[in-house]
Q: 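I'd like to ask some things about the structure below.
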There are 2 protein chains.
Amino acid sequence: MYAETLKHIRRIIVEDNLAPGDKLPSERELAERLGVGRSSVREALRALEFLGLIETRRGEGTYMREVGSHQLIDLLAMFLLENERAKADLAETKWLIERLLLELACRRRSAEDVDELKKIVRQKPIDFVRFFQTVAEASGNFLLARIWRVLSGFAASFAPPPSLADAGYEQMLAALERQDSAKAAAVWEAHRPSSLSKRAGHRLTNNDAHFR
Amino acid sequence: MYAETLKHIRRIIVEDNLAPGDKLPSERELAERLGVGRSSVREALRALEFLGLIETRRGEGTYMREVGSHQLIDLLAMFLLENERAKADLAETKWLIERLLLELACRRRSAEDVDELKKIVRQKPIDFVRFFQTVAEASGNFLLARIWRVLSGFAASFAPPPSLADAGYEQMLAALERQDSAKAAAVWEAHRPSSLSKRAGHRLTNNDAHFR
DNA sequence: CTCATCCCACTGGTCTGACCACCTAATGGT
DNA sequence: ACCATTAGGTGGTCAGACCAGTGGGATGAG
């Protein structure tokens, strides 16, 4: 089992008290210490790399990485496409999370954030992605910002970014400046894409049967 | 690059029109068809297995799997611990998404959903996870439900599920029955954990430097 | 002594060939 | 018809080899 090898490596990480940026033992040394073949070590390391926990640099070595990245989801995206149902859910979820980000940003935005957003809104045509990227950063919730970025990346791969009237941006900006989260939510609601409003009769199937 | 190999394998899956349950070519055959070593094929397959897209059975072969599983995230959870910042974001995001699910469920819940929830609320002590699992299913948004499940799993790994007074469940249930999403949101807001309200001064650092 | 250059040991990336344990299906005997 | 045997194919693992980068230390020129 390479799962066993994974645990061993994790134990080494803990025991050696490895912090982000630190170097792991080489693959050959790990293989020797764990008493397994190098290929098994490699498969375990691949898993860790896939999770974004380590980073391998050819000719240098393997290094601990800051937690939080998950390009794994980007990869999953490649396979998740071509599914109408998933697309509809994606569009809706993205829209909903954008509302959450707006609300949070209203409470926590700094003066610099507002300045930055003003600059973005001044540049026509207004860059939707950049606007929300800034809002996401201003939200103060890194995890939610991250989820948004992933969803945004998904969506961009098969649909153009939503287009809003300039007036909409102005209203959002005003709400952010006055820290009026209710107003921001209302503005966002007013710009809800029509495709999201009518989804009645659309039910979940029990897709969890295979979770064994 | 094994990323290249991954794409090749994906192409084979698409071209051969492989459906869940179907058998993939053997590792040796794939290696020959793609002109790479078997170890490279194995590393690519490991990635797919990690994503829950395929299943390997020793002595039999490799098979397509229903999408949806993500033991990968459970593994990630093991490593994500020991990070206060991430925990705070997680708790907040989970709470926010629960609010979204409640709102969606108000609009789309069926009569059966309400019955199911009534049953859950009747059984004391009320099972928070089961309650929201049902709400998530009733939301009609599989993606958002899935995100919630992941977050919930994370949270459960280092904190007990939130405890609500029975009256809170009754209020939510009433809002769901009357399809009053504004009421549901208000109820949820009233039960906002105190730890989430005060997070001023908490800013994002630029954690993305390592995304190169 | 200082600095630039070169070289070599070491790293991850890949391929090959070889076993093993396991499963399946065809085989052949009863 | 039934069942035990067997041969071939499969994933799992390992060892060894070579490649292509990297880095630091030895070397030599100034």
Side-chain angles (χ1 to χ4, degrees), chain A residues 1-13 16 18-66 69 71-72 75 210 212, chain B residues 1-13 16 18-66 69 71-72 75 209-212:
Chain A
M1 292 294 191
Y2 90 124
E4 210 55 38
T5 307
L6 235 172
K7 285 184 187 171
H8 282 181
I9 293 178
R10 169 168 161 70
R11 200 185 313 155
I12 286 181
I13 291 175
D16 293 6
L18 294 181
D22 289 354
K23 191 170 177 300
L24 270 75
S26 76
E27 297 179 352
R28 291 170 177 83
E29 184 183 341
L30 281 174
E32 195 176 358
R33 279 172 68 173
L34 304 184
V36 298
R38 190 179 154 213
S39 46
S40 295
V41 169
R42 279 186 63 77
E43 292 196 348
L45 289 178
R46 275 284 194 227
L48 293 180
E49 187 180 20
F50 211 64
L51 287 170
L53 295 168
I54 62 173
E55 179 182 8
T56 60
R57 293 201 279 265
R58 179 189 194 138
E60 296 184 55
T62 307
Y63 296 84
M64 294 292 298
R65 205 168 170 175
E66 207 73 46
S69 97
Q71 62 273 40
L72 63 152
L75 245 173
H210 55 281
R212 40 189 173 134
Chain B
M1 297 293 190
Y2 91 125
E4 210 56 37
T5 307
L6 238 173
K7 285 184 187 172
H8 282 180
I9 293 178
R10 167 169 163 70
R11 200 185 313 154
I12 286 181
I13 291 175
D16 293 6
L18 294 182
D22 288 355
K23 190 170 177 298
L24 270 73
S26 76
E27 297 180 352
R28 291 171 176 84
E29 183 184 340
L30 281 175
E32 194 175 359
R33 277 172 70 173
L34 304 184
V36 298
R38 190 179 153 211
S39 46
S40 295
V41 168
R42 279 187 61 79
E43 292 195 349
L45 290 179
R46 276 283 195 228
L48 293 180
E49 187 179 18
F50 211 65
L51 287 170
L53 295 168
I54 62 172
E55 179 183 7
T56 60
R57 292 201 280 265
R58 181 191 193 129
E60 296 184 53
T62 308
Y63 296 84
M64 294 292 298
R65 203 168 170 175
E66 208 75 46
S69 110
Q71 63 272 38
L72 63 153
L75 246 173
H210 55 282
F211 274 99
R212 34 173 183 146

Q: Side chains of B/Leu34 and B/Ile12: does their closest heavy-atom pair fall under 4.5 Å?
A: yes
Q: Restricting to non-hydrogen atoms, name the atom on B/Val41 and the atom on B/Thr5 that form the minimum distance, rounded to 0.1 Å.
A: CA-CG2, 4.3 Å
Q: Expressed in angstrom and rounded to an integer, what is the separation of B/Leu24 atom CG from D/dT10 atom C1'?
A: 13 Å
Q: With nearest nucleotides of DNA chain D determined for B/Glu60 and A/Arg28 from heavy-atom distances, which residue corresponds to the more 5′ nucleotide?
A: B/Glu60
Q: If you count heavy atoms of other groups shown closer than 6.0 angstrom to CD of B/Glu29, is the number above 12?
A: yes
Q: Is A/Arg46 paired with A/Glu43 through a side-chain N to carboxylate O contact shorter than 4.0 Å?
A: no
Q: Quick one: closest heavy-atom pair of A/Met64 and A/Ile54, and the distance?
A: SD-CG2, 4.3 Å
Q: Tell me: CZ of A/Arg46 to P of D/dG12, nearest whole Å?
A: 17 Å
Q: Between P on C/dT14 and CD on B/Glu4, what's the gap in Å once rounded to a whole number?
A: 11 Å
Q: From the set C/dG13, D/dG11, C/dT11, return the single nucleotide nearest to any side-chain atom of B/Arg58.
A: D/dG11
Q: Quick one: closest heavy-atom pair of A/Ala44 and A/Ile9, and the distance?
A: CB-CD1, 3.8 Å
Q: Could you check how far OH of A/Tyr63 sits from P of C/dC10, rounded to whole Å?
A: 15 Å
Q: For the pair made of CD in B/Glu27 and P in D/dT13, what is the distance, rounded to whole Å?
A: 10 Å
Q: Using 0.5 Å steps for rounding, measure from the OG1 atom of B/Thr56 to the CD atom of B/Glu49.
A: 4.0 Å
Q: For A/Thr62 and C/dG12, is the shortest distance between a side-chain N/O and OP1 or OP2 below 4.0 Å?
A: yes
Q: Calculate the interatomic distance between B/Glu55 atom CD and D/dG12 atom C1'; express it in whole Å.
A: 16 Å
Q: Among residues 37-45 of chain A, which ones have heavy-atom contacts with DNA chain C below 4.0 Å?
A: A/Arg38, A/Arg42
Q: Over how many whole Å does the gap from B/Arg57 atom CZ to C/dA21 atom P extend?
A: 22 Å
Q: Starting at CD of B/Glu32 and ending at C1' of D/dG9, how long is that distance when rounded to a whole Å?
A: 14 Å
